[in-house]
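One structure below.
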Protein chains: 4
Amino acid sequence: MVKQPNPARRSERSRQAILTAARELVSEVGYAKLSIEAIAARAGVGKQTIYRWWPSKGAVVLDAFLALSESGPEDSMTLPDTGDLEADLKVVMRATVAEFADPAFEGPIRALNTEIINDPALAAQYRARLAGPVEEAKRARLRSAQRAGQLAADADLDLALELLYAPLYQRWLFRSGPLTPAYADALVEVFLKAMRPDVDQLTDAQDSAKLEKSG
Amino acid sequence: MVKQPNPARRSERSRQAILTAARELVSEVGYAKLSIEAIAARAGVGKQTIYRWWPSKGAVVLDAFLALSESGPEDSMTLPDTGDLEADLKVVMRATVAEFADPAFEGPIRALNTEIINDPALAAQYRARLAGPVEEAKRARLRSAQRAGQLAADADLDLALELLYAPLYQRWLFRSGPLTPAYADALVEVFLKAMRPDVDQLTDAQDSAKLEKSG
Amino acid sequence: MVKQPNPARRSERSRQAILTAARELVSEVGYAKLSIEAIAARAGVGKQTIYRWWPSKGAVVLDAFLALSESGPEDSMTLPDTGDLEADLKVVMRATVAEFADPAFEGPIRALNTEIINDPALAAQYRARLAGPVEEAKRARLRSAQRAGQLAADADLDLALELLYAPLYQRWLFRSGPLTPAYADALVEVFLKAMRPDVDQLTDAQDSAKLEKSG
Amino acid sequence: MVKQPNPARRSERSRQAILTAARELVSEVGYAKLSIEAIAARAGVGKQTIYRWWPSKGAVVLDAFLALSESGPEDSMTLPDTGDLEADLKVVMRATVAEFADPAFEGPIRALNTEIINDPALAAQYRARLAGPVEEAKRARLRSAQRAGQLAADADLDLALELLYAPLYQRWLFRSGPLTPAYADALVEVFLKAMRPDVDQLTDAQDSAKLEKSG
DNA sequence: AGCTAATCGAGACGGTACGTCTAGTCTTGCG
DNA sequence: CGCAAGACTAGACGTACCGTCTCGATTAGCT
């Protein structure tokens, strides 16, 4: 049986120093050239202290970025919901495009994705603590749209999210094309065309929604 | 100026041995634990012979798999074109799903993707020699569908391909959901809904196409 | 500034293993074919542990043989002093000849000399820890002989030692002639002839020495 | 049976280029860091051309320096013989001391000695072509002194030469003391004391020599 | 003068070892 | 006992040379 360290005695000072050092070093030398040794040296920490609390380099880096996003006031997040799905989605997608263009964002996130692809355990962590909440917020907005009759009521929301985001994400990840606001808009438009309710599936909810608009 | 080796004197025997060893070792130990040293040892080759002809581990592995697919009689490829776009696409997408489920395929391709994400030069090689021809075949099939009036004539084919494949690819790469034939079918259906021609956009080309059929 | 390792934390187990392995390998494959890598492997030690504590292959081998000779109870040594200088020197020189004839001695010492010729720093180490004490013992015996009036009182002892040993050493090092007991004797005889006191240089010390004997 | 190259077809141009390159490189980087590859590159010659004609790095360097000394008009040499042995020897020994002090002489000769110590075959070459003639000249001068009654008639000339030169050579090789003209003189004096004829061995030749002086 | 076989420059090859780097473990005091 | 520090085993890195082995392209010396 493996000896388990006692988390109660963990040094918060060391933990912070390690996460900060990891963040800095990822920006400076890139993820591939990042070494545990360098993190320990920069943090003024023994290597064992890192190995004691994290299973892998990827886990440290993941934690380093989680610490950033979790430091915000609330952990939950919501997407804009003005009632105009197309406008709302375009705002969100254009924001995503802008975020991907930020060079400070580039390196670390690309690195994290690399690790996640090859390490299912890390991927689970990532989904649970970073991607999950975001995905749920997106799903919530789509559900709202379904209630408003702007989206097929029987649409598979997982598939819908993939349809909307995967093209964008793939273009960024593999640099397979330009990421522009126009592209974001085009994606939203084609997504809405794919997901709009069929004419013969109009429900009362949709009827009343239509009446509200025309009225 | 760096000294360039003379390709005319290159040993074909060594090249084959290296590519074969790389393929075997990627399957056996995985890409992350693959070392140039091990490839050289397995291939019965000096390390310098690898460093002389390839710039990186990723390049060797890429070549190893390119060698496989390029060994076919012709390099060009075509997708089925029965005239029924939906059926044709479902066949292709189901085949892709099946291919992704093959465990022998899993490791190496996942590894290659990892490298491609972080190495733009490698990515260019990959696109030019492996992904490019496949993409072109897909584009050709969609163009055929446009001529047949089954797809919007003004559709952006790059965006269309992303819409069709990115969801599938992302699901596989990040293991974010099950890859089933049903999923393949669903993707095709939603894709066709997004990409079908608008009723008020019928063109002469499409009219004549219809006439040919009915005639 | 270069990082200096802390000798207090040095592993005695590893040090011994390295010196032993070095000794064995020098005997087995010779100094020229001796590699740091082989020493590390034989000693069950990481290469870095050798590079951390020794600056060169020669330094390791020197230490390996120093460790042998320094393992004796005391580091000081004395030469026989029966009062008969000629007899005493012949004993010592014949012993030296015999030692040089030992094949186990041959390789390593020849190798060490090779390194010492080209590496002044190593030479200093060698003289301080191995050759020095021996030289001092020889000098002490000659001084005793001077007090006994058997050697010129004003003789340069450094020159004297060179006269006695350099011919023997050169013959061995360059294999320029046979090393026999007779050669040893001849060397002693010619040395004594060169170094004996002149008749007109008798001093009080020598007179009193003579008186002691006759008294 | 090994294929022997035909010396008649040997390229003199290449031979000279190799020897020159070897000489230059020994001076520039030292013998230890001298590589066959570097010689070949500097000489503008294929490596095989070196391996074809020389068995080892040491052999090339030896040849490089032999070529220098053998380029003189005559291969034989004689030492000064004024009839005054002490004066003649002091001239020769002081010249030797001066030669050893020349830094251009230092590196290559030290290197050659290193190789000769470890390679008996090379040592034989060296003795036959470089050291031999010099030794013979020295022996000739000593024989002349024996005829003049200045040296014991039954003296072992090999031993005598060692007595005279080995101390000097050793001091230089191992840097074990200062090499000064005074040291040269002292060596000659002690050598003459050791080698002078015994009083009861006076011959007619010596008698007549004495008469000449006193007369 | 032309033929032909050996030598030539060039450099790729299978290897060995280098000296450096990092991984992950183990050890030694300090607090 | 957790910690900083850092030495330890292990082994891959990318480089430098080794000595052998093709390649064409000169060169001889012989016919």
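Order of the sequence lines sets the chain letters (A, B, ...), proteins ahead of strands, with each chain counted from 1. All heavy atoms count here, side chains included; hydrogens, waters and symmetry mates do not. In this text, all values refer to a predicted model and were calculated from it rather than measured experimentally.
Annotation for B:Arg129 and B:Asp63: closest pair NH1-OD1, 3.2 Å, computed over non-hydrogen atoms.
The distance between atom CH2 of C:Trp54 and atom C1' of E:dG19, rounded to the nearest whole Å, is 16 Å. In this structure, CD1 of D:Ile36 is placed 11 Å from P of F:dT20, rounded to the nearest angstrom. Rounded to whole angstrom, the span from the CD1 atom of A:Ile50 across to the C1' atom of F:dA4 amounts to 12 Å. Taking atom CD of residue C:Glu37 and atom P of nucleotide F:dA12, one finds them 11 Å apart after rounding to whole Å. Following rounding to the nearest Å, B:Tyr51 (OH) and E:dA17 (C1') show an atom-to-atom distance of 15 Å. As rounded to whole Å, 11 Å separates atom P of F:dG19 from atom CD1 of D:Ile39. If you take CG of C:Asn6 and P of E:dT27, they are 17 Å apart, rounded to a whole angstrom. In this structure, C:Ile18 places its CD1 atom 11 Å from C1' of F:dC8, rounding to the nearest Å.
When heavy atoms are screened at a 4.0 angstrom cut-off, C:Thr49 is found touching base atoms of the nucleic acid.
Side-chain N/O atoms of D:Glu115 and D:Tyr31 include a donor and acceptor closer than 3.5 Å. Using modelled atom types, one finds a donor on one side chain and an acceptor on the other under 3.5 Å when comparing B:Thr114 with A:Asn118.
Cation-pi geometry between B:Arg10 and B:Trp54 is met: the NZ or CZ atom falls under 6.0 Å from the ring centre, inside 45° of the normal.
Both B:Ala38 and B:Arg9 sit near DNA chain F, but only B:Ala38 has its closest nucleotide nearer the 5' end. Where A:Ser11 and C:Arg10 meet DNA chain F, the nucleotide closest to each residue was compared, and A:Ser11 sits on the side nearer the 5' end. In terms of position on DNA chain E, the residue among C:Leu34 and B:Glu12 whose nearest nucleotide sits closer to the 5' end is B:Glu12.
Comparing F:dA4, F:dA7, E:dG19 by their nearest atom to the side chain of C:Arg52 picks out F:dA7. For A:Trp53, the side-chain atoms get nearest to F:dC3 when compared with the rest of F:dC3, E:dA12, F:dC13. Nearest nucleotide to the side chain of A:Ser14, out of F:dC3, E:dG9, F:dG14: F:dC3.
For the atom pair D:Tyr51 OH and D:Ile36 CD1, the distance stands at 5.0 Å (nearest 0.5 Å).
With hydrogens and angles ignored, a donor-acceptor pair closer than 3.5 Å exists between the side chain of B:Lys47 and the base of F:dG14. A donor-acceptor contact under 3.5 Å is formed by the side chain of C:Gln48 with the base of E:dC21.
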